[in-house]
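Before any comments, here is the structure.
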Amino acid sequence: MGEGAPPRSVAARIVGRIGSGLMQFALIVIGVFWLVPTLGLFIASLRSPADNSASGWWTVFTQPSQLTLRNYAQLLSNDSFVASFWNTIAITVPSTVIIVVIASLAAYALAWLEFPGRDWLFLAVVAMLVVPLQIALIPIARLYGSLGIFGSITGVVLFHVGYGLPFAIFLLRNFFAAIPRDLLEAARMDGGREFTVFRRVILPLGGPAIASLTIFQFLWVWNDLLVALVFAGADTQPMTKALQSQMRQFGANIDVLASGAFLSLVIPLLVFFAFQRYFVQGLTAGAVK
């Protein structure tokens with residue numbers, strides 16, 4: 001307790017502990033319900049198609065003999081799915097890295113460099129945030145066709161970069177603008193050029209926001225289906241399109257879809273939990289001065 005603060009009564013302390021306990025219990029319940037679909041998907045991926053058709057996934061708790069790794073063995077022996085996994089990495093990693101690098105430099109310029117038309121340029125970036133993705137599909141498809149990159153990984157990456165940059169620049173610019181000006185002026189007075197200021201001041205202080213952007217962009221591109229359906233070819237399709245192509249005419253190919261969907265879910269979950277601390281810092285940055 002702070003100096004001079006009145007002591008809390010016993011009743012107040014009890015109410016505070018009860019409230020804290022109820023909040024923790026509510027968060028645990030919400031977390032469990034949030035994980036139930038993931039648990040169900042994982043268990044369904046370990047059951048045979050016959051078992052999945054005959055009963056729900058929860059019956060495995062009374063009949064654990066239903067669990068088998070046959071679905072994963074068949075999936076990993078499928079050359080088409082393995083190729084789609086590497087295609088997903090080849091699309092997601094460059095898209096994320098390019099966006100983070102370009103957006104960081106552009107955000108620094110829009111936040112701290114003085115040049116003619118800076119505010120109008122930032123307004124143009126904000127205006128592009130309201131442009132729906134679907135409106136650009138046909139014009140870009142025609143442009144890709146004339147350039148000869150339609151159906152290639154390069155085309156998919158370029159589309160993700162072009163569409164993701166406005167939000168990335170907007171997010172980082174607002175974060176960078178909140179950095180105290182005195183820190184930048186001190187670095188400039190020490191003889192640091194703009195790139196030195198960016199590398200030694202902006203990047204360390206903007207780490208949480210950059211990490212948040214990296215997570216957002218990685219998850220967006222990894223889970224994308226619409227752009228892949230339009231621009232990816234048969235040899236360059238990511239996992240989302242490969243799984244969509246496994247849908248049967250009269251129902252879901254659950255033995256392939258469940259195991260494939262869980263494998264495609266594992267890496268985004270690992271990325272999120274690995275950078276969760278930076279993600280929370282990025283979301284709460286600036287909330288408390």
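Predicted model only: the values in this text are computed from it and were never measured.
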Residue set satisfying ring-ring contact (aromatic ring centres under 6.0 Å, His included) with Phe231, at least two apart, ordered chain then number -> Tyr144, Phe159
Students should find that the hydrophobic cluster of Leu123, defined by side-chain heavy atoms under 4.5 Å apart, otherwise consists of Trp120
Tell me whether Ile30 is reachable from Leu35 by hopping between hydrophobic residues (I, L, V, M, F, W, Y) whose side-chain heavy atoms are closer than 4.5 Å.
no
Connected to Ile135, directly or through other members, by ILVMFWY side-chain contacts below 4.5 Å are Val131
For Trp222 and Pro268, the nearest pair of non-hydrogen atoms, with its separation, is CD1-CG, 3.3 Å
- Item | Verdict with reasoning, Leu172 to Leu213, per side-chain contact (heavy atoms from CB on, under 4.5 Å) | CA-CA 8 Å; Leu172 293 183; Leu213 173 63; 3.6 Å; yes
ring-ring contact (aromatic ring centres under 6.0 Å, His included) filter on Trp57, not counting sequence neighbours, yields none
Salt bridge (Lys or Arg N to Asp or Glu O under 4.0 Å) pairs touching residues 131-142, sequence neighbours excluded, are none
task: Show your working on side-chain contact (heavy atoms from CB on, under 4.5 Å) between Val227 and Leu133 and close with a plain yes or no.
output: CA-CA 9 Å; Val227 177; Leu133 180 147; 4.1 Å; yes
query = Counting only heavy atoms not in Arg200, do more than 12 sit closer than 6.0 Å to its CZ atom?
reply = no
Contacts of Tyr163 meeting ring-ring contact (aromatic ring centres under 6.0 Å, His included) (sequence neighbours excluded), chain-then-number -> none
> Under a 4.5 Å cut-off applied to non-hydrogen side-chain atoms, are Trp220 and His160 in contact?
Replying inline: yes
Please check if Leu67 and Leu76 belong to a single hydrophobic cluster, counting links between Ile, Leu, Val, Met, Phe, Trp and Tyr side chain heavy atoms closer than 4.5 Å.
yes
Exercise. Test side-chain contact (heavy atoms from CB on, under 4.5 Å) on Leu226 and Leu137 and set out the steps.
Key: CA-CA 10 Å; Leu226 177 60; Leu137 294 177; 4.2 Å; yes
List, one per line, each side-chain donor-acceptor pair under 3.5 Å for residues 88-114, sequence neighbours excluded.
unit_1: Thr88; atom_1: OG1; unit_2: Ser84; atom_2: O; d: 2.8
unit_1: Thr88; atom_1: OG1; unit_2: Met239; atom_2: N; d: 2.8
unit_1: Thr92; atom_1: OG1; unit_2: Thr88; atom_2: O; d: 2.7
unit_1: Ser95; atom_1: OG; unit_2: Ile91; atom_2: O; d: 2.7
unit_1: Thr96; atom_1: OG1; unit_2: Thr92; atom_2: O; d: 2.8
unit_1: Ser104; atom_1: OG; unit_2: Val100; atom_2: O; d: 2.6
unit_1: Tyr108; atom_1: OH; unit_2: Arg188; atom_2: NH2; d: 3.4
unit_1: Tyr108; atom_1: OH; unit_2: Glu194; atom_2: OE1; d: 2.4
unit_1: Trp112; atom_1: NE1; unit_2: Phe176; atom_2: O; d: 2.9

Practice problem: Decide if atom CZ of Phe33 counts as having more than 12 heavy atoms of other residues, nucleotides or ligands within a radius under 6.0 Å. | Solution: no
Hits for ring-ring contact (aromatic ring centres under 6.0 Å, His included) against Phe42, two or more places apart or cross-chain, chain-then-number order -> Phe262
Is it true that atom CG of Leu270 has more than 12 heavy atoms of other residues, nucleotides or ligands lying nearer than 6.0 Å? yes
Applied to residues 68-82, the side chain to side chain donor-acceptor pair (under 3.5 Å) test, sequence neighbours excluded, yields Ser45-Tyr72
So CG of Leu165 and CG of Leu129: to nearest 0.5 Å the spacing works out to 11.0 Å
Sequence neighbours excluded, the answer for side-chain contact (heavy atoms from CB on, under 4.5 Å) partners of Val130 is none
Let me check something: any side-chain donor-acceptor pairs from residues 145-154 under 3.5 Å, sequence neighbours excluded? List them with distances.
unit_1: Ser146; atom_1: OG; unit_2: Leu143; atom_2: O; d: 2.7
unit_1: Ser152; atom_1: OG; unit_2: Ile149; atom_2: O; d: 2.6
unit_1: Ser152; atom_1: OG; unit_2: Gly155; atom_2: N; d: 3.3

Residues at least two apart in sequence or cross-chain that pass side-chain contact (heavy atoms from CB on, under 4.5 Å) with Val201, listed by chain then number, are Leu183, Leu184, Ala187, Val197, Leu205
Rounded to the nearest 0.5 Å, the CG atom of Leu225 sits from the CG atom of Leu243 at a distance of 9.5 Å
When rounded to the nearest 0.5 Å, the distance separating CZ of Arg173 from CG of Leu171 is 12.0 Å
The reported gap from CD1 in Ile169 to CG in Asn174 (rounded to nearest 0.5 angstrom) is 11.5 Å
Between the CZ atom in Phe85 and the CG atom in Asn87, the distance rounded to the nearest 0.5 Å is 11.0 Å
Rounded to the nearest 0.5 Å, the CZ atom of Phe61 sits from the CD atom of Gln66 at a distance of 11.0 Å
Worksheet entry | Thr240 vs Asp224, side-chain contact (heavy atoms from CB on, under 4.5 Å): CA-CA, chis, key distance, verdict | CA-CA 7 Å; Thr240 51; Asp224 170 73; 5.6 Å; no
